[in-house]
Every structure is written in structure tokens, then in C-alpha cells.
Amino acid sequence: MKFPARLIARTILIVLIICPVLYSQEGPQIEAETETPPLPTVAPIVDDPPPPTGFERVDSIFKSAVTAIETVLFYRLGKTEKEYLVFEDDAVYWRVRGTDTPFLPLSEDNGFNASELDASQVEILAAQGKLVVGDVIEGKEKYYRNGLMNGEPIEYVTVKLDGPEGNFKYGSRFRFDPTIDAYRIVQKKRNLPGEQIISPTEAEDWNALGFLKQNPDPFSSDKPYLFNESVGGIPIVVAWLAAGAVFFTLYMRGFNIWGFRHAVDIVRGKYDNPEEDGEVTHFQALASALSATIGLGNIAGVTIAMTLGGPGAFFWMLLCGIFGMCTKFTECTLGQKYRSVKPDGTVLGGPMRYLKVGLQEKGMGPLGTVLAIVFTVMCILASFGGGNMLQANQSGSAMLQMFQQNDLQQLSTLNDQIKVAAVAGEEGEMKSLQARKQDLQNQLAAFEQQFKVIFGLVLAFFVGAVILGGIKRIAAAASKIVPTMCIVYSAACLYIIIMHIDRVPGLIATIFTEAFTGAAMGGGIVGVLVVGVQRAAFSNEAGAGSAAIAHSAAKTEEPVREGCVALLGPFIDTVIVCSMTALVILITGAWDNNEWIVEQGLEGAALTSRAFKEEISWFPMVLSIAVTLFAYSTIISWSYYGEKAWETIFGARSTIIYKFLAVICVFIGTIVNLGSVLDFSDMMILGMAFPNILGVVLLSPSVRSDLLKYWKRYQAGDFKTYR
Amino acid sequence: MSQLNYDVIVVPVDFSEESQNALQTSLALAGDVSKLRVIHVLPPLEAISPAVVWGDLSDEHRIETVTKFAEKFLQTHGATGASLDIRVGGPANEITEFATEVNADLIVVSSHGYHGMKRFLLGSVAESVIRHAECAVLVLRRQDAE
């Protein structure tokens, strides 16, 4: 394949501009807040963290963007403000920076009985998780943090202390409960309210003793330890998606139910006429759209929903999947209706077309243009993030976990042994265990670094081979493995379900009862509903408009017919595949497992994998491979969406720039944990729903009349069948 | 200009209004449709499009479809019988290579007159053709260009 030299030169120029931003080490230092409240008698410690790396700086730029978008997209309607305080009693020990002397207490009466801490004591405390996490200095995680005392460089450690009677831990959050006029502890798991209560006077006393975390930006001058948070309410984007889905279902008179059988017939090829305009058959269009949505949402999303919202969250996910079918139907019918068929028979369709052309026909040209542009820009960004970097990142982690499985197991055994030794007071034993743990951790970290670079390069190579090199067979082969993987995954789920079939009726009942009674995140039914709807939207992307791009490629002259096919998407994705995961998570009790969630800190895909391991010991390996293949096909499908969006704005010949950027994103996504970049792009997928659903609602009257006319012809037997 | 002798005139068309103009100008210059060599350049097929990943769309099929379309286009614009070639690749490259192959005396290209971002990203086919062509090139300004 030949590339115009000038385009390549321009792309290289853009890359050269971006790279120094990522790699340069200079830059303004971010001022950190002091976590330790300064005690009046001694000189205060000011944090002096190492300068942020290039990646951290990029991440912090995105962080502000994420916060800004979050306040809009996730603005909670009907939220309530709640006050809370955080118990943070600690003992600080310090020494001059760069020395090997023991750490000395900052104040004598610090509640921790040690006149000094030597290196091995510090290590043991760190192993027990009793130290506030240290700085990462020159790529190595330290036990201590850098600070300044009277302007002199020091190192210091902060020992976390438990509550006065040992009944709760450092970092516990207490939320104000007006019904009892006191602060009630918030449990880590699912943020449920707990039993421990403290009165406002006790809070004052604690504050005087320096037990409470101080708010750097206090809203109450006499209570500088109070923080504010919003609880409950529905994020605007979730309300938007849910309202859209309900509207389309009612407006199309429940077509997801009565059109279902016809949809299955179409996918089976009954109406496939090879002579009609388009690129692919109905089945191929559906497979293509599904390969973009099936993946992490089905494996990790369900688990996240249930750990946050309990089994009831799955009920709302399911409902959202069923209602989402009509959203998908409407948007994909429009995708077909307003697609443009190019002279060579290829098509360009999707929200960027129907928002612009469709609304223009309705006399709303300017609005249509604005919606189309907003959608297109968001789609490009989403294709780099949620459809690319996030996928690369998660599949990299899944594969890494598979390779490190035994070492990780050993590490957790060592941790247990250290705890046992600590309780028994065997200091020698503890030190030798600690040394072994340190070795193992170093090995793991070194391997992780190498592995991620190699994995990133390999993945970027395979993505590049297809989207830049035009090697058709790789994409075709990988994509065709997706349905197989889907079947393997479902089969494993079914095996587990059948083995425990006696428990299934009870568990299904739990899903339904918890949907209306469950307490998630302290937010009641609304909280459960929000979690479910949000995860379903991430999984099946109904309302985001992305699938309309794939479905508009189908060979048909009946837009409604392709819409019918599209409604099967959320059904397969959410109602079938997600249910499988949900039942496995319920059967294994993974959603409520203290050891896995609280102690081992497992979540999402890792928790799902752990749950499978309980039933089929070797399955996590298959799951890691499946996650990687799903991720690969999602990257390919989303790159297509992104490229089509790019083409709409910048023209077909410049897509080479898009492709280069996409390949670079795959690599960056794998090697660095850009939390905020991922959040940002994830939000873009949901953000696409704003312009899309608004436009689709405005255009829905024509879809409805098309549907009713189509159905009349169908019932009159007007359609020729081919199979 | 008509005193110059143009036996082979290459006219790239992308079916836009500008390329209709190019076609008509070349017809007027040549005076005879048989002197025209019309070329249309298709972008290479995307390996990530559903049609390639899941279906079996081929360049041959696209060429077949676009030929039918182009023949109709020529007919509508009074150039029935002009020789037509379809190539796959980068437009500027394919146009100049084609002109060399057929020993063209002149290439008549239309300029889309893009500005700003679009121009930066797309570049100008006309510009590139002028730079690489081995024969004379006539560039037609877009009629509504500033």
C-alpha cells in the first residue's frame, strides 16, 4: 500500500509534537496537601513529592477535563448533600533525607508505642499495611515520603492507628445521619451504613486530639474536619439513556417483543437479497456491531454492577437491555435510512449522517449540524479511549495476571505468613519472610514492566498490520474467533449454572427482590437502578449511536429491516451473555465475598476470573485469552467507527493520520495506567448519547410510520424470501 | 490554446461539480471525445470495514460498480465514448502514473479550493499532480473560489 509522502510527513510532525509532552521530565511541581495535621509544638512537615513523570502530567491534564465533564454528564438530579468526617489518627516518624538512621517520632505522645523505628520495623509495618503509602522515587516504590521540615529535606513515615477502642480502622468514614443526630460509620463494601456511631461532641473531642482528617478547603470554619459529598440522585446521562429507552419502547409499541421473531428470521438470511445496495449481509452487520460491544462490559461490567449495587443491580441491567432494544432499533433504522451509498457501492452511514441530513429535512438544519459535529468529535475521542486504550490496558492486565498467577498466589501466602508471624511476635521469622516477599515483589514488578512493553508492541503490531498495513486476513480471523469465544464463555457459565441448578431459582428470586429493596451505596432503589443502567449502557451501547455505523453497511433497501436486526444486539449482549456472568457471580457469592473484595482488593474482570477459578480451576487462563481477543476485535471495530467519524470531518484521504494515532494509542494504553485518560474516554461513549438520543427522538416519528408501513407489507406477504 | 496539439488529454474525475467542469473544459479543448482519457481513483479498501472483516467485498466488485456509475456520469455530461480507467490507490500518484503510461499531452484537473484545516489534512491533489506530472497540467479554479 502506498502512502502519500506528505501525509506521512505531517503525521510524523504531529507525533513529534506529542511525544516530548509524554516523555519530558521538566515542568511545574504540583503542590500537595499536607495529610498530617501539624501539631502545634513541633515544626510542621510540608510534603515534597518527587516531580511528576511525563505520564503523570498528561494524566493530570486529563484529570481536570474529567472533573469538568463529570460535573455535566454525571450531574446528579435529585441528589442530597451529606456531611462526613474521616478518622485518621496517626503517628509520624522522620529522619534527615538520605540517611540510614532510625526514624524518630515527630511528637512523643503519638499513641504508638515506639521511641524510634529502624528500617526493618518500618518494613514490617509496611508489610502489615499499617503505613500510609510512600512516594515513588525514581521508579521505585518507597515506604516513606519526602518532606520538608523548616525547609530542610527529610523522609517520613506515617503509621496508621486504629480507633480508640480498636473497633474501627484508620481511614474510616462517618456520615452524618440526621435521624439520630450523629455520625454513622460507612462500610467499605458497597458503602452501606454500619453500626458504629459517634456523636458531634465526640467528633469535637477527636478533632482536638488530632484524630480527624482536615479538609483543605473547609466549608465550615468552626469544623474544619467536615467534608461534603453528594449522595443518591440520578446522573443526568443515566436518566437521559433510561428515558430514551422507555420512550422508544412505548413509541414503537413494544416492537422489541412483537418484532423479535421476524428479526431472527432476517438474521437467518431469509430475506437476504445479494442484489441490494450495501456491503454485508444482515448477519454480518450484526456480528460486526456485536464485536464492538461484547467484551469487558460482559465480563467485568456485570461484576462491578453487583459489587456496587448488589444482585438487584442486575435486574435493572436486564431491564435496561430489554428497553435498549428499541433504542437500537430506532437509531439503526435511521442509520440505514440516511446512509449515503458511494459510487463504488460502499456506504457511509451513522449518526453523523442522520443527525445532519435527517434533521435538515425536518427544517432543523443548524441544530442537526451542531449535533452531528458534537457526536462526531466524541466518537473519535471514544474510539481512541474506551474503544482502544481501555481495551488494550485491560487485556494487558488480564494476560499479565495469567502469567503471574503462581507468583501472585505465593505472594498472598507470604502475606498471610507474615501476619501470623507478627501476631506470634517472631521477629526473625518475619524478617526472613519479609525479605522473600521483597524479592518476589521486585521480580513481579520487573516482569510487569517488560511484559507490558512487549504486549503493547505485539498488540500494536497486530492492530497496525490490519488498519495501516491493510492485511485483511488477521482481522477476519480474529473477528471470527469472537463468536466462538462467546460460545465457550457461555458454555462455561452454563456448566457452572447446571452444577448448581438447585440454587438458581432462589438466586433469581434474590435478583428480583433486591431490585426493589436493596441498599446500594446508601442510595436505596435509585442507587441500585443507577448502577445497573449505567453498566448496561456501557455494555450494549444502546443510545450511543455507535452500532448504527456498522448496521448501515448491510445490504438492504429496507431500513426498518436492518433496525430489526439491530434490536437483537442488546438482547444477545445484555440479556443473554450478561445474565450468564451474573448467575456465576451469584452462585460463587463473589459479589459479596469479603476476602476477595475487601482483603485482596479484587474488582471487575479480576473478580470474575477469581469466581470462575472457584468452579473450574483452569478457566481463568481461557478467560484471559478471551478478554484479549474480545479486546482486539473491539479495537478493530471501534477503529472503524472512529475512522468513519474522522472521514466525516476531515475527509477520506486524511484517515492515515487517524490510523497512526490509533496504533500509538494501543501501545500507550497498554504500558501506562492513565486512569484519568481512560475515565475521560469512557465518558465520551456515554457522552455520545446526548446528541444522538436528542436527534433520534426528533426523527422518531418517521421511523414509527416507516415501521407501521413495513409491518403492513410484511403481514400482507409482500416480501420475497430467499431461503 | 487551441493552436496547441493535444492528442491525449487525461481527465481525473471524482464526480464532483468541479470535475464536471474539468470534463467539459477538456472536451472543449480536445474537440473530440476520443482524445479523452478519463480516470477515477478509488481509495484502497479498508481492512477494518465490516465488508472486509465479515463479508467478501473486493476491489474488483467496487471497480465494477463504480464503472457503471462513471459511464452514466460521462453520458450525462456529453462524454459518451470517452475511454475510462479505474485505479485503486492515492489519487495524485495514480493520476501522474497513468498520464505517463498513456503518454498524455495534458492533464486537466480541477481544484477543490480547500482552506484551513481541510487543506492541511487533505493537501491538494492538483498541487501534487503539478509537481510530479511529466506533461502539461491545466488547473481549473473552483468556480466559487475566493
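A, B, ... follow the sequence lines: proteins, then strands. Residue 1 opens every chain.
Atom NZ of A:K644 is separated from atom OG of B:S49 by 7.0 Å, given to the nearest 0.5 angstrom.
Sparse packing is recorded around CZ of A:F283, with 12 or fewer heavy atoms of other residues, nucleotides or ligands lying under 6.0 Å away. By the neighbour-count criterion of 12 heavy atoms within 6.0 Å, atom NE2 of B:H61 is sparsely surrounded, having that number or fewer from other residues, nucleotides or ligands. Counting non-hydrogen atoms of neighbouring residues, nucleotides and ligands closer than 6.0 angstrom, the OH atom of A:Y271 exceeds 12 such neighbours. Summarising the local packing, CD of A:E276 is surrounded by more than 12 heavy atoms from other residues, nucleotides or ligands at distances under 6.0 Å.
Neither the backbone nor the side chain of A:S633 comes within contact range of chain B; no heavy atom of the residue lies under 4.5 Å from a heavy atom of that chain. Contact annotation for A:T281: neither backbone nor side-chain heavy atoms come within less than 4.5 Å of a heavy atom of chain B. Neither the backbone nor the side chain of A:S637 comes within less than 4.5 Å of any heavy atom in chain B. Heavy-atom distances place the backbone of A:I471, and not its side chain, under 4.5 Å from chain B. Both the backbone and the side chain of B:P50 come within less than 4.5 Å of a heavy atom in chain A.
Exactly one residue among A:Y640, A:W638, A:Y641 makes a side chain to side chain contact (heavy atoms under 4.5 Å, CB included) with B:I48. That residue is A:Y640.
Side-chain contact between A:E279 and B:R62 is absent, with no heavy atoms from C-beta onward closer than 4.5 Å. Put simply, the side chain of A:Q284 does not reach to within 4.5 Å of the side chain of B:V53, judged on heavy atoms. A:P343 has its side chain out of reach of B:F73: every pair of non-hydrogen atoms, C-beta onward, lies at least 4.5 Å apart.
Taking each heavy atom of B:T65 and A:D344 in turn, the nearest pair found is CB-O, 3.7 Å.
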Salt bridge (Lys or Arg N to Asp or Glu O under 4.0 Å) for A:K472 and B:E46? Distances and angles first, verdict last. CA-CA 8 Å; A:K472 295 159 189 164; B:E46 298 293 349; over 6 Å; no

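Among A:A554, A:A550, A:A476, the residue making the largest number of heavy-atom pairs under 4.5 Å with chain B is A:A476.
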